[in-house]
Structures are given as C-alpha cells and as structure tokens.
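Quick caveat, the model's predicted, so the values are computed rather than measured. Atoms within each ligand, like the ligands themselves, are counted from 1 in listed order.
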Amino acid sequence: MKALIETRNTRPERVFLVGAEFKSRHGADTHDSLAELGELAATAGGEVVGDGRQKLDAPAPATFIGKGKAEEFADFCKRQDVDTVIFDDELSPAQIRTLEKIFNCKILDRTSLILDIFAQRARTREGKLQIELAQLQHLLPRLTRFWGHLSRQAGGIGMRGGEGESQLEADRRKVQERIDKISRDLELVRRHRATQRAGRQRSHWPLASIVGYTNAGKSTLLNALTGADVLAKDILFATLDPTTRRLRLPTNQNVLLTDTVGFIRKLPHGLVEAFKATLEEVVQADLLLHVVDISHPQAEEQIQAVNAVLAEIGAGEKPTIMVFNKMDQLNGSTDGTGNGGVLNRLQEKHPQAVAISAATGEGIETLLAEIGTQLRPKREFLELRVPHEQAAVIARLHAVGQIISRSYRGPAARFKARIPPHHHDEFAPYIVRDRQASSH
Ligand SMILES: Nc1nc2c(ncn2[C@@H]2O[C@H](COP(=O)(O)OP(=O)(O)OP(=O)(O)O)[C@@H](O)[C@H]2O)c(=O)[nH]1
Ligand SMILES: [Mg+2]
C-alpha cells in the first residue's frame with residue numbers, strides 16, 4: 001500500500017496535530033499523548049508545525065472537535081501551509097470527509113498513522129501481510145460507511161444506481177477479495193511458524209521474550225545479550241518482526257530470547273489482532289523481560305500500556321522480570337528531582353526490578369543472574385506420587401507437564417515429569433522429591 005505520508009523531495013510534509021481533552025482524561029494525558037503523536041508523525045517523515053487542543057464533553061458527531069474550533073485551526077493551517085492534519089483519536093470516515101472540506105487538506109487519525117509507519121517498517125512476508133490486512137480492515141468499514149453516505153445523497157437528487165454505486169460495490173468486493181487472499185496466505189505462513197516453534201520446543205530450551213514500550217531499548221538489549229545485530233534506533237517502531245537468538249547464561253543454561261514489536265498506548269485493536277501471530281512468541285514464552293525506559297517522563301504510563309496489551313493477548317500472568325533500562329540517562333538525579341522521583345516510585349512498586357543500561361552494559365550481569373534464577377526451576381523435574389482416585393490431578397499433570405516416565409502399579413501412580421515452574425504449587429502435595437535434570 002502507498003505510504004499515507006509522503007516524503008517529497010522538495011520538503012517534508014507539514015503536519016498539524018489535534019488532540020481532544022475529554023472530562024474522563026487528564027489535560028496532562030492529552031498533552032503527553034499529543035507529544036507522542038508528534039514523535040509518530042516525525043517517525044513517518046512529517047514535520048510538525050503546530051498543534052491544537054480542545055476541551056470536549058463528547059466528540060462532535062460531524063467534526064469530532066467543535067466546528068468553530070475546526071475552522072479556527074483550519075485558518076492557522078492555511079497560513080502555515082500545512083499538508084496534513086492528524087487527530088490523536090480515531091475518526092469515523094464521515095468525520096474525515098467533513099474535516100477534509102473544512103481544512104482543505106489531508107486528514108489522518110492516530111490509527112492510520114501507526115498503520116502507515118508499520119507498513120513502512122515491515123520486512124518479512126508475514127509482517128507485510130499482517131500490516132496489509134490491518135490496513136484493509138481499517139479501510140473496509142470506511143468504504144461501507146462512505147457508500148451509505150453516497151447512496152443517501154444519490155437518493156436525494158434522484159440518481160439511484162449509476163456509476164458511483166457499481167464502482168463502490170466493485171471496490172468493496174476487491175478489498176474483501178484481497179482480505180480473503182491475505183488471510184489464506186497468512187494461515188500458511190503461520191503453520192510454517194508453528195512447525196518451527198514445535199521444533200524449538202523439542203529442544204527443551206526455555207523461551208524468554210523481550211517486551212516493552214516502543215523505543216524502550218528492547219533491541220539494544222537483545223544485541224547486548226546475544227551479540228545479535230537487530231536495528232536499534234531512536235525512532236518509534238524500529239522493530240516489527242521478531243528475532244530470536246540463543247542466549248547462553250553464565251550457568252551454561254541455554255535460553256531462546258526473542259525481541260519483538262514494541263507497544264504503544266491507544267494501539268489500534270485491529271493491529272493487536274493482526275499481530276497475534278508475531279506476538280505468539282510472547283504468549284508461548286516461559287519468561288518475559290519487560291523493558292522500561294526509566295529516563296522517560298511517562299515511564300509509569302508506558303508500563304501500564306504494555307500491561308494492558310499483554311493482558312489483551314493473554315500473557316498478563318506470565319512470570320516477568322521488570323528491566324529498568326537507560327539508567328545511564330538518569331544523570332544520578334535520584335533525589336526526587338528529574339526522573340529520579342519516578343525511579344524511586346517504580347522501584348517501590350517493583351522491588352524485584354533489575355536496573356540496567358543496555359547501552360553501557362551496566363547491570364547486565366545482574367540481569368543474567370536473575371534470568372537464570374527465574375528459569376532454573378524449569379530445569380528441575382519432579383517425582384510425583386498421585387493416588388489413583390485423583391484422576392483430575394493425573395489429567396492435569398498430563399495437560400501441563402511433560403511426562404518422562406509413569407507407573408500405575410502399586411497403591412498410587414508414580415510419575416517423573418517436567419512441570420513449568422508456575423504450576424509447581426498445584427502439584428506440591430504430590431511431590432516425592434525434587435531432582436536436578438541433566439543440563440543442556
Ligand atoms: N542512553 C541510552 N540509550 C539507550 C539505551 N538502550 C537503548 N538506547 C537507545 O534508545 C533508542 C531505542 O532503542 P531500541 O533498542 O531501538 O528500542 P526498541 O525498544 O527496540 O524500540 P522499537 O523496536 O522501536 O520498539 C536507541 O537510540 C538506543 O540507542 C540505554 O541503556 N541508554
Ligand atoms: Mg526494536
């Protein structure tokens with residue numbers, strides 16, 4: 001798909017940002033969110049020349065912000081020679097059309113902008129397919145609603161049917177056909193990945209996934225830990241496609257470590273849906289490393305946004321190491337000024353967090369030791385003794401554990417099994433004794 005923001009040779013596209021302050025939202029939130037929208041716009045190649053905000057009780061059906069306010073902003077945009085106006089919230093197709101008339105230039109919303117950046121970044125076939133699918137799905141309802149709008153108009157002037165109608169029907173059908181084709185292609189790619197994953201699981205190496213807000217330093221950390229050369233850059237969404245590398249811990253244990261797409265607040269739901277396959281690395285992981293840019297003024301909000309997405313993909317309850325990154329950028333201001341106050345507060349909330357700098361290597365050894373500690377139980381297998389009548393326990397054991405050997409003779413069934421550490425508690429009453437498995 002064509003980039004929504006074009007980088008012309010003559011000058012970067014001039015962009016104006018619009019945010020709404022709803023009663024339910026703090027003014028500061030709107031401000032932060034708008035600042036981030038500016039970063040997204042810059043990432044997409046635009047030059048932000050100004051922004052405007054309005055306090056609203058509810059979005060205006062026709063223009064999202066008030067009509068008068070829109071006209072006032074439009075005036076400014078005209079004087080500033082603005083090419084594109086970007087709204088921080090999702091707009092309906094009808095709102096976009098009305099706003100285009102008022103501003104007389106291109107109107108985008110946050111969702112389209114994020115999709116646009118993703119489209120520019122996708123490298124692998126799966127990544128490209130996922131993005132195109134999300135873009136088309138974003139487009140289809142627009143065509144539908146657009147079509148509804150048109151047919152009412154056509155009815156008004158007594159011109160039912162005709163070119164416009166069949167053209168739109170044809171466009172909708174084309175989009176739907178493309179969606180179906182991509183879905184089929186994606187299914188094939190996903191099956192291939194599932195096979196790869198199954199192969200990996202046979203290796204019995206635990207899986208750890210690096211997650212976190214975009215630009216937190218996830219790729220820098222993967223590179224620092226494994227000597228990988230994933231692109232790490234001071235832009236949003238530098239990484240789209242997952243990269244997995246083997247990490248050998250100082251204890252000689254092997255871990256498969258995956259770096260994946262970053263999260264952001266107001267991440268379009270369709271995109272989360274589209275990225276479910278990529279994010280499956282996260283869902284399958286035995287351990288998450290949640291990387292936080294501790295030098296960022298909104299570090300706390302970013303943690304919450306990441307946790308929200310993790311919950312949405314069903315990975316909210318995973319064992320997680322909080323990794324406070326970019327310690328080198330705090331300038332030792334731990335006295336409550338600067339971001340030191342945030343650090344203190346976050347350390348209170350996450351006493352187990354490991355503070356590091358992926359850039360300088362500070363704290364990396366501690367992090368490696370912590371990963372080892374968290375995964376060590378994975379190497380242990382358990383010997384269990386379960387009375388025969390406890391059929392549910394035996395079934396559960398087969399569902400979550402890997403049975404090494406079993407014997408049903410005698411008064412109780414006996415098992416040797418590998419069980420993920422977070423399930424140990426439920427089998428505690430039946431454990432005969434812990435044994436160390438041979439290391440890999
Ligand atoms: N000062 C400092 N900068 C860091 C550190 N870690 C990462 N960075 C910088 O932060 C920026 C983002 O790093 P990435 O590793 O690309 O971040 P990411 O989380 O992979 O970001 P996306 O893939 O875009 O979601 C880069 O410019 C890095 O050089 C650190 O510990 N200290
Ligand atoms: Mg990255």
Side-chain angles (χ1 to χ4, degrees), residues 36-45 113-124 127 130-131 208-245 247 257-268 271-272 275 278-279 281-282 288-299 301-303 305-307 309-310 313 320-333 338-340 342-343 346 353-368:
E36 186 172 79
L37 189 72
E39 281 178 58
L40 286 167
T43 293
L113 182 60
I114 292 176
L115 287 171
D116 185 55
I117 295 171
F118 274 44
Q120 290 178 27
R121 294 274 187 279
R123 290 288 170 270
T124 64
Q130 287 176 150
I131 286 301
S209 260
I210 303 178
V211 296
Y213 209 77
T214 182
N215 212 39
K218 300 178 296 297
S219 300
T220 309
L221 179 61
L222 181 83
N223 292 344
L225 289 176
T226 68
D229 57 353
V230 174
L231 173 73
K233 231 177 137 183
D234 195 9
I235 50 175
L236 303 182
F237 299 116
T239 310
L240 264 204
D241 302 306
T243 302
T244 300
R245 289 283 181 279
L247 165 65
L257 191 60
T258 301
D259 169 36
T260 186
V261 59
F263 300 162
I264 194 165
R265 62 174 114 181
K266 301 188 193 168
L267 191 67
L271 206 55
V272 176
F275 267 80
T278 303
L279 292 172
E281 306 289 344
V282 175
L288 301 182
L289 308 186
H290 181 161
V291 179
V292 181
D293 175 356
I294 204 71
S295 72
H296 197 286
Q298 272 83 54
E301 290 78 5
Q302 297 188 342
I303 291 175
V306 169
N307 285 339
V309 180
L310 287 175
I313 61 172
T320 301
I321 301 177
M322 295 298 290
V323 181
F324 291 169
N325 190 32
K326 306 200 189 179
M327 287 298 288
D328 60 300
Q329 276 195 344
L330 279 184
N331 303 325
S333 63
N339 222 35
V342 174
L343 177 66
L346 285 176
V354 182
I356 68 158
S357 162
T360 68
E362 172 194 345
I364 293 284
E365 273 174 40
T366 316
L367 178 60
L368 288 172

Would the distance check show the side chain of [X] and the main-chain N or O of [Y] forming a donor-acceptor pair, the cut-off being under 3.5 Å?
X      : Y      : answer
Asp259 : Val230 : no
Tyr213 : Glu301 : no
Asn325 : Ala358 : yes
Ser295 : Lys326 : no

Tell me: protein heavy atom nearest [atom], and distance?
atom                    : result
atom 24 (O) of ligand 1 : Ala238 N, 2.5 Å
atom 17 (O) of ligand 1 : Gly217 N, 3.1 Å
atom 18 (P) of ligand 1 : Lys218 N, 3.4 Å
atom 21 (O) of ligand 1 : Asn215 N, 3.0 Å
atom 7 (C) of ligand 1  : Thr220 OG1, 3.3 Å
atom 1 (N) of ligand 1  : Asp328 OD2, 2.8 Å
atom 5 (C) of ligand 1  : Lys326 CG, 3.6 Å

Relative to the heavy atoms of [X], which atoms of ligand 1 are at a distance of less than 4.0 Å?
X      : result
Ser357 : 30 (C), 31 (O), 32 (N)
Thr214 : 22 (P), 24 (O), 25 (O)
Ser219 : 15 (O), 18 (P), 20 (O)

What I want to know is whether [X] and ligand 1 share at least one N or O pair that is separated by under 3.5 angstrom.
X      : result
Ala232 : no
Leu231 : no
Thr360 : no
Val261 : no

Can you tell which part of [X] has a heavy atom less than 4.0 Å from ligand 1: side chain, backbone, both or neither?
X      : answer
Asp234 : both
Asn325 : side chain
Lys233 : backbone

Original post:
Within the stated cut-off of 2.8 Å, is an N/O/S atom of Ser219 closer than that to the Mg ion (ligand 2)?
Top reply: yes

Intermediate values then yes/no, side-chain contact (heavy atoms from CB on, under 4.5 Å), Leu221 and Ile356:
CA-CA 9 Å; Leu221 179 61; Ile356 68 158; 3.7 Å; yes

The option among Gly212, Gly363, Ala358, Ser295 carrying the non-hydrogen atom nearest to atom 31 (O) of ligand 1 is Ala358

**Prompt:** Does Ala216 have a heavy atom less than 4.0 Å from any atom of ligand 1?
**Reply:** yes

Would you call Thr260 and Val282 a side-chain contact if the rule is heavy atoms closer than 4.5 Å?
-> yes

